[in-house]
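Remarks on the structure that follows.
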Amino acid sequence: MDADKLHDECAIVGVYGPAEAAKLTYLGLYALQHRGQESTGIVSSDGETMHAEVGMGRVNDVFTEDRLARLPGYLAIGHNRYATTGLSTLRNAQPLFVDYARGSLAIAHNGNLVNAARMRTSLEADGSIFRSTSDTEVILHLMARSQAGHLLDSVVEALQQVQGAYSLLIMNPHEIIAVRDPYGFRPLCLGRLQTGHVVASETCALDLIEATYVRDVQPGELVRISQEGVQSYFPFPTRPPQHCVFELIYFARPDSQVFGHNVYLTRKAFGRQLAREAPVDADVVIPVPDSGLPAALGYAEEAGIPFDTGLIRNHYVGRTFIEPQQAIRHFGVKIKLNTIHGLLEGKRVVIVDDSIVRGTTSKKLVSMLRQAGAKEVHMRISSPPITHPCLYGIDTPTHEELIASSYSVEHICSYFQADSLAYLSHEGMMEVARQQEQGYCSACFTGQYPVHTPWRDDLHQLTLFDKQGF
Ligand code: AMP
């Protein structure tokens with residue numbers, strides 16, 4: 001429905017150089033709140049001692065002035081989390097921070113490892129004791145076991161043993177290492193500050209702290225930021241890129257540049273393509289705010305149908321209304337969105353959203369539009385039907401809960417009681433996405449998982465965690 005809904009993945013920010021690195025990290029996390037609202041944390045260092053502050057909730061709630069004052073130093077990494085694996089508790093909040101035989105380490109992870117459960121079982125059999133249920137901790141344990149003398153080498157050694165999606169920030173008291181997995185599933189970009197560097201999930205974080213975008217961290221690249229400057233390494237075999245297309249559809253903030261795309265313009269282009277593929281005679285095009293807005297504008301422009309607002313969103317709805325239980329979800333849509341009286345009376349309405357997950361939002365919206373007097377309701381979705389869960393860090397529910405995994409478009413349309421329903425085709429979506437970059441993961445639409453050994457085990461594990469977590 002909107003970019004700050006609570007089902008989301010994670011954000012990471014790392015700052016090296018300025019005297020108040022934690023404060024800039026905090027601002028970066030603020031800009032990336034849409035990627036996770038369950039917990040947040042920052043670990044900073046003055047070059048010798050590391051300091052950590054993590055808490056449950058949003059950036060603004062957790063980081064009081066006092067807490068920020070307890071994070072001195074010129075380097076810091078931070079994280080916003082939404083649980084896609086592991087339970088929703090403070091001990092899973094990131095950055096994970098540990099002291100061990102060879103010093104202190106912190107790690108912040110965006111993505112999801114597909115072989116974490118298996119790695120964890122074998123590490124536990126070997127005596128490792130885990131303090132969290134998050135898959136990220138596996139990387140820390142693998143690093144702690146490494147005999148390598150340098151942080152960089154232990155990171156490489158650990159990452160050679162894990163599979164899946166990771167954009168990572170790893171920090172010891174005096175350096176930060178940023179890594180993107182060889183497939184480049186999740187975004188990660190590098191920026192320059194007046195007195196240092198920043199690494200962040202999305203460029204909107206750079207904008208806020210007035211950093212200059214330098215470039216994306218490349219798939220398979222390790223960037224080490226230390227007193228020696230910024231160094232780049234490519235220690236892994238090259239893989240075909242598998243950028244997450246859903247970042248462009250829904251996750252990333254529209255004012256970010258992701259995978260070489262301006263996210264907002266890409267969403268508009270999805271909407272235009274949708275209008276070409278699924279035209280309809282109508283009087284007005286309205287978006288589902290905020291997520292459907294750019295696509296609806298694109299649709300209206302291409303179709304030559306007037307665009308209007310139609311639905312107003314309450315921006316102050318808290319997390320109570322985003323609980324995943326079906327009963328509360330129904331309630332939630334109504335509390336979050338309302339129609340403008342009179343505006344839709346007697347009109348043939350096209351309503352555009354970016355995606356349908358469980359179908360709850362769309363069903364409720366069609367009935368709200370009818371109650372508001374719409375003569376016809378045509379639903380248009382600027383992505384293909386989501387038929388498969390994501391294994392790489394996006395919070396999609398299980399197969400059974402994904403409406404399009406079990407039902408045809410016709411069936412879903414009649415369930416919604418819409419006059420028509422059309423999704424963007426996979427080819428249409430890819431045509432738009434490939435205008436900037438070639439390699440995309442679209443497994444949630446196709447079931448073709450690019451990294452799948454041994455995904456079946458871990459899918460099972462994921463499902464278990466999801467159920468417990470909720
Ligand atoms: P649903 O009611 O389950 O069909 O949810 C559809 C709405 O959720 C759409 O308005 C999307 O913008 C939004 N959405 C899509 N993917 C996600 C996600 N992974 N987490 C949270 N919201 C999402």
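Just so you know, ligand 1 is whichever comes first in the structure, and atom 1 is the first atom listed for that ligand.
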Exercise. Among Thr40, Asn92, Ile12, whose side-chain contact (heavy atoms from CB on, under 4.5 Å) with Arg81 holds?
Worked result: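 With Arg81 as partner, Thr40, Asn92, Ile12 yield a single side-chain contact (heavy atoms from CB on, under 4.5 Å), made by Asn92.
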
Enumerated ligand 1 atoms positioned under 4.0 Å from heavy atoms of [X]:
X: Ile356; value: 4 (O)
X: Gly359; value: 1 (P), 3 (O), 4 (O)
X: Arg358; value: 1 (P), 3 (O), 4 (O)
X: Thr360; value: 1 (P), 2 (O), 4 (O)
X: Phe246; value: 16 (N)
X: Asp395; value: 18 (C), 19 (N)
X: Ser291; value: 10 (O), 12 (O)

Problem set entry | Heavy-atom donor-acceptor pair, Asn80 side chain to Leu29 backbone, under 3.5 Å |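 The answer is yes, because a donor-acceptor pair under 3.5 Å joins these two groups.
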
Problem set entry | Sub-4.0 Å heavy-atom approach of Thr396 to ligand 1 |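 The answer is no, since Thr396 has no heavy atom less than 4.0 Å from ligand 1.
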
For this session: With sequence neighbours left out, write down each residue that passes side chain to side chain donor-acceptor pair (under 3.5 Å) with Glu277, or none if nothing qualifies.
Result: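 So Glu277 forms a side chain to side chain donor-acceptor pair (under 3.5 Å) with Gln273, Ser425.
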
Exercise. Under the ring-ring contact (aromatic ring centres under 6.0 Å, His included) test, which residues partner Phe130, sequence neighbours left out?
Worked result: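 ring-ring contact (aromatic ring centres under 6.0 Å, His included) check on Phe130 returns His141.
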
Problem set entry | Nitrogen or oxygen atoms of Val357 and ligand 1 under 3.5 Å apart |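 Yes, at least one N or O pair falls under 3.5 Å.
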
For this session: Indicate yes or no: does an N/O atom of Ser362 lie under 3.5 Å from an N/O atom of ligand 1?
Result: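 No, since none of the N or O atoms of Ser362 sits under 3.5 Å from an N or O of ligand 1.
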
For this session: Run down the list Pro397, Cys444, Ser355 and name the one with the heavy atom closest to atom 15 (C) of ligand 1.
Result: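 Residue with the shortest heavy-atom distance to the ligand atom: Ser355.
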
For this session: Determine whether the side chains of Asp354 and Ser291 contain a donor N or O and an acceptor N or O closer than 3.5 Å.
Result: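 Their side chains do contain a donor-acceptor pair, which is all the 3.5 Å distance test asks for.
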
Exercise. Is it true that Glu221 and Arg215 make a salt bridge, defined as a side-chain N closer than 4.0 Å to a carboxylate O?
Worked result: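 Counted as a salt bridge, because a side-chain N and a carboxylate O are separated by less than 4.0 Å.
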
Exercise. Is it the side chain, the backbone, both or neither of Asp353 that has a heavy atom closer than 4.0 Å to ligand 1?
Worked result: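 Only the side chain of Asp353 comes within reach of ligand 1.
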
Exercise. If you look at every heavy atom in Val263 and Ala252, which pair is closest and at what distance?
Worked result: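 Closest pair (atom of Val263, atom of Ala252, distance): CG2-CB, 4.0 Å.
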
Problem set entry | Val162 versus Leu142, closest heavy-atom pair with distance |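 The answer is CG1-CD1, 3.7 Å.
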
